[in-house]
Amino acid sequence: MASPEKNKKILLDMVKQPSNDYCADCGAPEPDWASYKLGVFVCVNCSGTHRDLPAISRIKSIRLDFWDDSLVEFMKTRGNAAANAFYEKCVPPFYYRPQEKDCVVLKDQWIRAKYERREFTGENNSLPYSSGLYEGILWKKGKDNKQFLKRRFLLSETDFTLRYFTKEDSKKPKAVISMKDLNAVFQPEKIGHAHGLQISYLEEERTRNLFVYHDNSQEIVSCFNAIRATRFAYLKKVDPNAKDSDLVPLITRSSIKEGYMEKTGPTQWEPFKKRWFILNLTDRKLSYFKTSLDALELGAVFIGTEGHGYSVREGQPKGSRSGRWRFAVTLETPDRQFVFLCDQEQDQREWIEAFKLVISQPMLPQAANVDQHW
């Protein structure tokens, strides 16, 4: 006869072991759930997707549910390390492995790709994001309005470009985007769709954004990983001697801080205006846009290190005008003093910490080549 307390203790001891102490799918610490069909320990968020795959996975709480002796014995023979050695055996280096704080669609499709479609076991060599060519229809936000329209996108590893067309049967693209500066990141909250993807690139030295989505979650994640595959191939061509581990962090980049602040002009007597700011660590660039869904960057400034004359502090200079918001951030550069106002004290603290993080990072020689326009 099964002993609930004994089996619970066995499971709690198992989940403290290396590899089991983090979610098998997103890496969240201290997982409280387990799939007794796959033999893995997962967090509460990933357990939701597992629950949607009853033919593949069966979920129980290791603390609250009853565990039969046979299920506990099965868990003893498995564990996260053994399961991932099989289900993640052939994950391409460019494929994005979602983390705890990533959006739902990335984690959901990662779990389905691992266990349901078995894309990484070596059994399936025909994957849409690995062919070097990707074509699909996405809903794209119009440049000057909020309406999303269907557009055909064509991604090619042959010339390292992403094209999109205003008409499905058109042969002339609306834009030809080089992989050199292209970036893609999921932005569901900003775009207002659970599958919202932001594609950014440089156009005449200014960042241009495309906001797209697809109603099918597998399709949009395949598109994202196809972009990553092509970017990865481009980076390898540029630096064929580089290690994969050095190139993977450069494939796509997420901002370390985004949000609205008020900004003033160089004399600090110009009216404060509300703008959407994006701070990136990789290129050490602070960009701003009129709104969060603007296509074209209005301005940008490079942020160097403390040794190069950059610093940030709370508050604004004496004598400068105040805007509608109260919580000020002053960014010092060798050429100019920038003053921003935040709506909340928490936003002020977060922006200051984000600026400090960039300033504290060593500056690569090529970083200073970022074009500045404010």
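For the numbers below, each heavy atom of this structure counts, side chains included, while hydrogens, waters and symmetry mates do not. As the structure is a prediction and not an experimental result, all values here were calculated from the model.
- Nearest heavy atoms, Phe302 versus Asp283: CD1-O, 4.1 Å.
- A ring pair (Phe, Tyr, Trp, His ring centres under 6.0 Å) with Phe340 is found for exactly one of Trp351, Phe277, Phe327, namely Phe277.
- In this model, no donor atom of one side chain and acceptor atom of the other lie less than 3.5 Å apart for Tyr36 and Asp68.
- Note that CG of Asp215 is 10.5 Å distant from CG of Leu138, once rounded to the nearest 0.5 Å.
- Atom CD1 of residue Ile251 and atom OG1 of residue Thr230 lie 10.5 Å apart, to the nearest 0.5 angstrom.
- A donor-acceptor pair is defined here as one N or O able to donate and one able to accept, closer than 3.5 Å; such a pair exists between the side chain of Lys37 and the backbone of Ala55.
- A side-chain donor from one of His308 and Thr305 sits under 3.5 Å from a side-chain acceptor of the other.
- Scanning both residues, Asp181 and Arg253, for their nearest heavy atoms gives O-NH2, 4.0 Å.
- A cation-pi arrangement is found for Lys263 relative to Tyr288, the charged atom lying closer than 6.0 Å to the ring centre and inside a 45° cone about the ring normal.
- Closest non-hydrogen pair, Leu182 versus Leu162, comes out as CD1-CD2, 3.9 Å.
- Distance CG/Leu155 to OG1/Thr161: 7.5 Å, rounded to 0.5 Å.
- Judged by distance alone, the side chains of Thr49 and Asp108 do bring a donor and an acceptor atom under 3.5 Å apart.
- A salt bridge is defined here as a Lys NZ or Arg NE, NH1 or NH2 lying under 4.0 Å from an Asp or Glu carboxylate O, and Lys236 with Asp244 meets this definition.
- The ring pair (Phe, Tyr, Trp, His ring centres under 6.0 Å) check on Tyr260 picks up Trp276, with sequence neighbours excluded.
- Distance check: Phe160 CZ to Lys237 NZ gives 5.0 Å after rounding to the nearest 0.5 Å.
- A heavy-atom distance below 4.5 Å is found between the side chains of Arg349 and Gln346.
- In terms of hydrophobic clustering, with Ile, Leu, Val, Met, Phe, Trp and Tyr side chains grouped at heavy-atom distances under 4.5 Å, Phe289 and Leu341 are assigned to a common cluster.
- Counting only heavy atoms from C-beta outward, the side chains of Val42 and Ile111 never approach each other to under 4.5 Å.
- The closest side-chain heavy-atom distance from Lys257 to Asp347 is below 4.5 Å.
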**OP:** Could you walk me through whether Ile303 and Leu279 pass side-chain contact (heavy atoms from CB on, under 4.5 Å), step by step?
**Re:** CA-CA 10 Å; Ile303 301 176; Leu279 179 60; 3.7 Å; yes

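- Within a 6.0 Å sphere centred on CD of Glu270, other residues, nucleotides and ligands contribute more than 12 heavy atoms.
- Within the 3.5 Å criterion, the main-chain N or O of Ser61 finds a donor-acceptor partner in the side chain of Trp67.
- No single ILVMFWY cluster, assembled from side-chain heavy atoms under 4.5 Å apart, contains both Ile278 and Leu293.
- Distance alone, capped at 3.5 Å, places no donor-acceptor pair between the Gln109 side chain and the Lys107 backbone.
- The backbone N or O of Thr166 lies less than 3.5 Å from a partner atom in the side chain of Arg151, making a donor-acceptor pair.
- Using a 3.5 Å distance cut-off with no hydrogens or angles, the side chains of Asn280 and Thr282 do not pair a donor with an acceptor.
- With contacts defined as side-chain heavy-atom distances shorter than 4.5 Å, the pair His214/His195 does not qualify.
- Within 6.0 Å of OH in Tyr22 there are 12 or fewer heavy atoms belonging to other residues, nucleotides or ligands.
- A donor-acceptor contact shorter than 3.5 Å links the side chain of Trp110 to the backbone of Asp25.
- Arg163 places no side-chain N or O within donor-acceptor distance of the main-chain N or O of Val176, the cut-off being under 3.5 Å.
- Panel note: side chain Arg313, backbone Thr330; no donor-acceptor pair is recorded below 3.5 Å.
- Every residue meeting the side-chain hydrogen bond (donor to acceptor under 3.5 Å, both in side chains) condition with Arg63, not counting sequence neighbours, appears here in chain and number order: Asp32.
- Looking at every heavy atom in both residues, Pro362 comes nearest to Arg284 through O-NH1, 3.2 Å.
- Considering SG of Cys26 and CG of Leu106, their distance stands at 11.5 Å, rounded to 0.5 Å.
- You'll find the side chain of Lys140 stays beyond 4.5 Å of the side chain of Lys174, heavy atoms only.
- Looking only at distances, no side-chain donor or acceptor of Asn225 sits under 3.5 Å from a matching main-chain atom of Tyr95.
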Original post:
Where do Phe355 and Leu286 land on the side-chain contact (heavy atoms from CB on, under 4.5 Å) test, with the steps shown first?
Top reply: CA-CA 9 Å; Phe355 282 126; Leu286 176 69; 3.9 Å; yes

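- Remark: the backbone N or O of Val312 is not paired with any side-chain donor or acceptor of Lys356 at under 3.5 angstrom.
- For the pair Lys76 and Glu73, the salt-bridge criterion is met [side-chain N within less than 4.0 Å of a carboxylate O].
- Defined by atom type and a distance below 3.5 Å, a donor-acceptor pair is present between the side-chain atoms of Asp294 and Thr291.
- For the pair Arg118 (side chain) and Tyr87 (backbone), a donor-acceptor distance under 3.5 Å is absent.
- For Lys273, the NZ atom is loosely surrounded, since the number of other residues' heavy atoms within 6.0 Å does not exceed 12.
- Other members of the cluster containing Leu133 are Leu154, Phe165, with ILVMFWY side chains joined at under 4.5 Å, either directly or via other members.
- Residue Ile359 comes nearest to Tyr310 through the heavy atom pair CG2-O, 3.8 Å, listed as atom of the first residue, atom of the second, then distance.
- A 4.5 Å side-chain heavy-atom check between Phe186 and Ile191 finds every atom pair outside the cut-off.
- The nearest pair of heavy atoms linking Arg231 to Lys180 is NH1-O, 2.9 Å.
- A 4.5 Å side-chain heavy-atom check between Arg51 and Ser47 finds at least one atom pair inside the cut-off.
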Subject >> Leu202 vs Thr207, side-chain contact (heavy atoms from CB on, under 4.5 Å): CA-CA, chis, key distance, verdict >> reply: CA-CA 5 Å; Leu202 290 183; Thr207 300; 3.8 Å; yes

Could you give the side-chain donor-acceptor pairs of residues 8-19 under 3.5 Å, partners two or more places apart or in another chain?
from : atom 1 : to    : atom 2 : distance (Å)
Lys9 : NZ     : Asp13 : OD2    : 3.0

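- Counting only residues at least two apart or on different chains, the salt bridge (Lys or Arg N to Asp or Glu O under 4.0 Å) pairs with a member in residues 126-138 are Glu135-Arg152.
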Original post:
Which is it for Gln187 and Phe211 under the side-chain contact (heavy atoms from CB on, under 4.5 Å) test, yes or no, and what are the steps along the way?
Top reply: CA-CA 9 Å; Gln187 294 277 20; Phe211 301 101; 5.9 Å; no

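- Applying the 6.0 Å contact sphere to CD of Glu123 captures more than 12 heavy atoms from other residues, nucleotides or ligands.
- Linking Ile, Leu, Val, Met, Phe, Trp and Tyr residues whenever their side-chain heavy atoms come within less than 4.5 Å places Met261 and Leu281 in a single cluster.
- Residues Phe94 and Leu247 fail the side-chain proximity criterion, which asks for heavy atoms closer than 4.5 Å.
- Tyr134 and Tyr129 have their aromatic ring centers separated by at least 6.0 angstrom.
- In this structure, the side-chain hydrogen bond (donor to acceptor under 3.5 Å, both in side chains) partners of Gln337, at least two apart in sequence or on a different chain, are Gln268, Glu332.
- We find the CZ-CZ distance between Phe86 and Phe120 to be 13.0 Å, quoted to the nearest 0.5 Å.
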